[in-house]
J.: 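The structure's right below; bear with me while I get my questions together.
Below, read A as the first sequence line, B as the second, and so on, with proteins coming before strands; counting in each chain starts at 1.
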There are 4 protein chains.
Amino acid sequence: MARKLVHEQHEGKRQEILAAAHRCFLQHGLQGASISMICKEAGMSPGHLYHYFPSKEAIVEAMANDYLAELHGHFNAHEDGASTATVLLSELWSMKGWDALSHCRILFELLAEAGRNENIHAILKDNTDGIRALLARTLKAGQERGEVDPDLDPGHTSAVLVAILDAAPMLPLMASDIDFEESRKLITTMVARFLQPPITAVGE
Amino acid sequence: MARKLVHEQHEGKRQEILAAAHRCFLQHGLQGASISMICKEAGMSPGHLYHYFPSKEAIVEAMANDYLAELHGHFNAHEDGASTATVLLSELWSMKGWDALSHCRILFELLAEAGRNENIHAILKDNTDGIRALLARTLKAGQERGEVDPDLDPGHTSAVLVAILDAAPMLPLMASDIDFEESRKLITTMVARFLQPPITAVGE
Amino acid sequence: MARKLVHEQHEGKRQEILAAAHRCFLQHGLQGASISMICKEAGMSPGHLYHYFPSKEAIVEAMANDYLAELHGHFNAHEDGASTATVLLSELWSMKGWDALSHCRILFELLAEAGRNENIHAILKDNTDGIRALLARTLKAGQERGEVDPDLDPGHTSAVLVAILDAAPMLPLMASDIDFEESRKLITTMVARFLQPPITAVGE
Amino acid sequence: MARKLVHEQHEGKRQEILAAAHRCFLQHGLQGASISMICKEAGMSPGHLYHYFPSKEAIVEAMANDYLAELHGHFNAHEDGASTATVLLSELWSMKGWDALSHCRILFELLAEAGRNENIHAILKDNTDGIRALLARTLKAGQERGEVDPDLDPGHTSAVLVAILDAAPMLPLMASDIDFEESRKLITTMVARFLQPPITAVGE
DNA sequence: TATGAATGAGGGTTCATTCAT
DNA sequence: GATGAATGAACCCTCATTCAT
């Protein structure tokens with residue numbers, strides 16, 4: 001009982017550190033944020049922080065995992081519904097905090113890092129694979145119901161959908177004249193048209 | 001005459017430094033690559049490097065500008081053609097060196113940096129605006145020829161197209177089972193369907 | 001209790017650093033003395049030194065403040081005595097360590113720096129103002145007792161006295177044939193004659 | 001003839017460099033001013049500057065010599081007059097540009113440097129000795145005419161006078177409420193009383 | 001559990017100086 | 001006479017990490 005409480009406290013501290021780290025990483029980058037900055041942000045001494053994580057690298061990796069798992073979790077919440085991929089994507093886009101792009105700009109950090117850090121690459125790939133599998137299943141179901149173009153390869157298509165998802169925060173960064181709602185609509189339209197069965201088939 | 005030659009030599013050295021920097025940035029990140037690394041890569045002493053650039057920041061900015069300008073230049077080469085946006089995008093994707101994604105992974109570094117560095121943000125935005133204007137014009141021409149859905153706002157749509165372009169290097173990073181040719185086809189299909197006028201209107 | 005001890009240890013280290021810095025500054029100048037030199041002199045790593053001071057500038061300023069405060073303190077020790085300014089000055093000159101001019105040559109460094117560094121200027125001025133106020137009070141008391149020329153403006157005269165005090169280390173530097181005792185006598189004579197009431201008035 | 005012209009041009013350039021160096025040294029200190037700064041100020045490339053001086057040290061020494069020689073020269077201009085030391089000092093204080101203390105603040109730099117640099121020390125001493133000899137002669141003449149206290153040792157007294165002279169720029173630095181004219185009067189009064197024969201002798 | 005003293009390598013940058021042109 | 005490319009050591013300062021308490 002007491003053991004469990006201690007463990008929970010420990011886990012709580014870990015999460016505090018990761019949250020502080022996330023904030024620092026957003027503001028200064030994965031490499032630009034220093035341990036001492038994270039310590040200050042978390043209200044903690046460096047010696048103590050190293051009680052919870054063995055290295056800065058471990059903090060980055062844990063943060064990446066947590067962050068991506070949260071995205072993953074969002075998809076799971078909709079899994080049981082029999083909605084088509086379009087709906088699924090649309091739902092995803094309505095998720096809490098997503099419009100606060102500051103929160104998800106960290107994705108670019110991770111993508112950049114994944115290109116040169118094998119560990120981060122693996123974490124990104126693992127989490128992405130989970131989402132892709134889910135999307136692929138949904139796409140296949142959509143194909144069976146005739147809502148999705150049967151010629152699209154579910155595996156490949158799921159990758160494209162995830163890429164689009166990850167690229168979304170780019171829009172406000174490049175084009176300040178497009179607000180969140182606008183880009184949501186545009187991308188939803190694009191994906192819908194992408195997935196829908198060729199109209200010629202309907203006409204025949 | 002001699003003066004001009006000297007100037008060209010100076011510019012040549014600058015380009016060498018930028019190329020070396022690009023390589024280092026790719027391998028270690030914008031912040032992770034150190035001046036001394038860049039010097040070693042460029043075969044140069046640090047004191048001399050500062051003869052050509054006043055700071056590391058200036059090197060990053062010049063590199064970003066050069067890199068993005070090169071992308072911009074690719075588009076201009078196709079401008080006069082009366083092709084629809086689809087063709088344009090498809091053409092872009094065939095551009096030299098683009099498939100060597102190591103070369104363009106730097107985009108993620110820039111996107112991450114743009115989120116917290118006002119200068120890089122401005123550079124990214126300026127170069128993006130150029131491409132967007134070009135794409136918007138092409139889209140409008142396509143709409144007039146009936147090849148592009150007239151309901152799509154050219155300005156907003158151009159932003160989406162650029163985002164997709166920039167997101168492309170993500171695909172192999174996340175999904176190693178998709179090769180370049182495959183993703184080219186997928187994205188071309190998606191964009192083509194995105195832009196095409198709704199068929200229902202034709203059928204009626 | 002323990003907390004206080006820790007704080008004292010911290011302050012002790014600070015003083016050690018300042019003492020080491022003083023020695024280095026004497027030998028190489030404020031600008032010529034490097035952080036790594038001070039570290040070596042203090043038996044400390046650079047990283048650790050920056051635990052106690054945020055910058056070299058801060059070290060210089062703290063050193064200047066401490067050094068000038070020490071001079072100031074010497075004057076206060078004599079304040080309650082009802083001696084005339086002459087005696088006060090004479091006493092000052094007998095102060096411990098003052099004859100070891102190597103210790104006070106630092107004043108020239110500070111004066112030179114004060115001409116182009118606003119912070120050092122302010123520190124010098126603040127500490128000087130304290131001494132001047134004290135001297136001015138003593139002069140006024142001397143005037144009331146008829147020991148000091150009543151025509152001398154106490155405020156201005158105090159400035160001259162301080163300047164003479166500061167200039168004293170110059171003598172052995174320029175004229176190696178004058179030892180400390182000799183210059184003490186000369187300056188005391190000069191100041192005594194400067195301050196004394198014009199004798200003509202007495203004779204009339 | 002042509003040889004002489006060349007030599008004059010060469011000497012002119014040297015003086016230009018020294019003037020530029022003086023300005024830089026004033027603004028940044030002997031150590032803080034860099035060769036490249038001096039080059040920029042003198043409108044010259046570093047390679048060319050080293051054509052005129054073998055090292056930075058040589059520039060500092062030449063500058064010190066020139067500067068002190070200029071002071072020396074001022075005294076010589078008054079030498080033949082049979083005035084007492086008081087008059088001489090007063091005259092000196094009226095010298096052109098002296099009130100622009102920015103010009104003579106360099107003295108502190110030299111005094112500070114002299115404490116740790118044997119060459120500068122020698123230069124300072126040599127030039128000071130010249131002035132001291134001159135002052136000593138004037139004092140001796142004053143003593144013979146009964147205008148100067150015969151008990152004062154001319155050699156030592158001359159040193160004190162030079163020290164006072166050098167300390168003068170300190171006044172405005174420490175006490176902004178004292179302008180040049182005021183300090184001139186104060187110091188002249190002090191020196192006059194210092195030198196004058198004891199009044200008791202007059203009364204007898 | 002929690003602190004902060006301590007390290008020393010390495011960060012970006014400037015330095016005095018040399019040399020080919 | 002005059003340039004500016006070139007060097008590499010040293011500048012001030014920050015880093016991730018360890019350890020005694």
J.: How many Å lie between CG on A/L49 and P on F/dA16, as a whole number?
T.: 11 Å
J.: For atom CD of A/Q27, is the number of surrounding heavy atoms from other residues, nucleotides or ligands below 6.0 Å larger than 12?
T.: no
J.: Nearest nucleotide by nearest heavy atom, which residue falls closer to the 5' end of DNA chain F, B/M44 or C/S55?
T.: B/M44
J.: Between atom CD1 in A/I17 and atom P in E/dT1, what is the gap in whole Å?
T.: 11 Å
J.: Is it true that a side-chain atom of D/R105 and a backbone atom of C/A112 form a donor plus acceptor pair closer than 3.5 Å?
T.: no
J.: If you check every side-chain atom of A/S45, which of E/dA5, E/dG4, E/dG8 has the closest atom?
T.: E/dG4
J.: Without placing hydrogens or testing angles, list every side-chain donor-acceptor pair under 3.5 Å for residues 116-124 of chain B, not counting sequence neighbours.
T.:
unit_1: B/R116; atom_1: NE; unit_2: A/E109; atom_2: OE2; d: 3.0
unit_1: B/R116; atom_1: NH1; unit_2: B/E113; atom_2: OE1; d: 2.6
unit_1: B/R116; atom_1: NH2; unit_2: A/E109; atom_2: OE1; d: 3.0
unit_1: B/R116; atom_1: NH2; unit_2: A/E109; atom_2: OE2; d: 2.4
unit_1: B/N117; atom_1: OD1; unit_2: B/N119; atom_2: N; d: 2.9
unit_1: B/N117; atom_1: OD1; unit_2: B/I120; atom_2: N; d: 3.2
unit_1: B/N117; atom_1: ND2; unit_2: B/E113; atom_2: OE2; d: 3.2
unit_1: B/N119; atom_1: ND2; unit_2: B/E57; atom_2: OE2; d: 3.4
unit_1: B/N119; atom_1: ND2; unit_2: B/E61; atom_2: OE2; d: 3.0
unit_1: B/H121; atom_1: NE2; unit_2: A/L173; atom_2: O; d: 2.8

J.: Which whole-number value in Å describes the distance from C/I35 CD1 to E/dG8 C1'?
T.: 15 Å
J.: Nearest whole angstrom, please: distance from the P of E/dG12 to the CE of B/M37.
T.: 9 Å
J.: Test of understanding: with side chain to side chain contact (heavy atoms under 4.5 Å, CB included), list the residues that count as partners of D/Y50, not counting sequence neighbours.
T.: D/I35
J.: Does a side-chain N or O from B/S36 land closer than 4.0 Å to OP1 or OP2 of E/dG11, or not?
T.: yes
J.: Atom CG in B/L110, atom CG in B/L30: separation rounded to 0.5 Å?
T.: 6.0 Å
J.: Rounded at 0.5 Å granularity, tell me how far CD in C/E41 sits from CZ in C/R23.
T.: 4.5 Å
J.: Rounding to a whole Å, what distance do you find between C/K13:NZ and E/dG4:C1'?
T.: 13 Å
J.: Check nucleotides 18-20 of chain E against the protein and report each pair of N or O atoms closer than 3.5 Å, with its distance, or say if there are none.
T.:
none

J.: Whole Å only: how far is the CD atom of A/Q31 from the P atom of E/dG12?
T.: 11 Å
J.: Please give, in whole Å, the distance from E/dT13 P to B/K56 NZ?
T.: 8 Å
J.: What residues, two or more places apart in sequence or in another chain, satisfy salt bridge (charged side-chain N to carboxylate O under 4.0 Å, His left out) together with D/K40?
T.: none
J.: In whole angstroms, how far is the C1' atom of E/dC15 from the CD atom of D/E57?
T.: 15 Å
J.: Looking only at side-chain atoms of C/H51, point me to the closest of F/dA5, E/dG4, E/dT17.
T.: E/dG4
J.: When all nucleic acid strands are considered with a 4.0 Å heavy-atom cut-off, which category describes A/A33: base, sugar-phosphate, or nothing?
T.: sugar-phosphate
J.: For a quick test of reading the model: is some side-chain N or O of D/S34 closer than 4.0 Å to OP1 or OP2 of E/dC15?
T.: yes
J.: By ring pair (Phe, Tyr, Trp, His ring centres under 6.0 Å), which residues pair with C/Y52, not counting sequence neighbours?
T.: C/H10, C/H48
J.: Return the stems involving DNA chain F, sorted by first number, where pairs are Watson-Crick (N1-N3 with N6-O4 or O6-N4) or G-U wobble (N1-O2 and O6-N3), both under 3.5 Å, and runs are 3 or more long.
T.: E:2-21 with F:2-21
J.: Ignoring backbone atoms, test whether C/Y52 places a side-chain nitrogen or oxygen under 4.0 Å from the OP1 or OP2 oxygen of E/dG4.
T.: no
J.: Main chain of C/H28, side chain of D/Q31: is a donor-acceptor contact present, judged purely on distance under 3.5 Å?
T.: yes
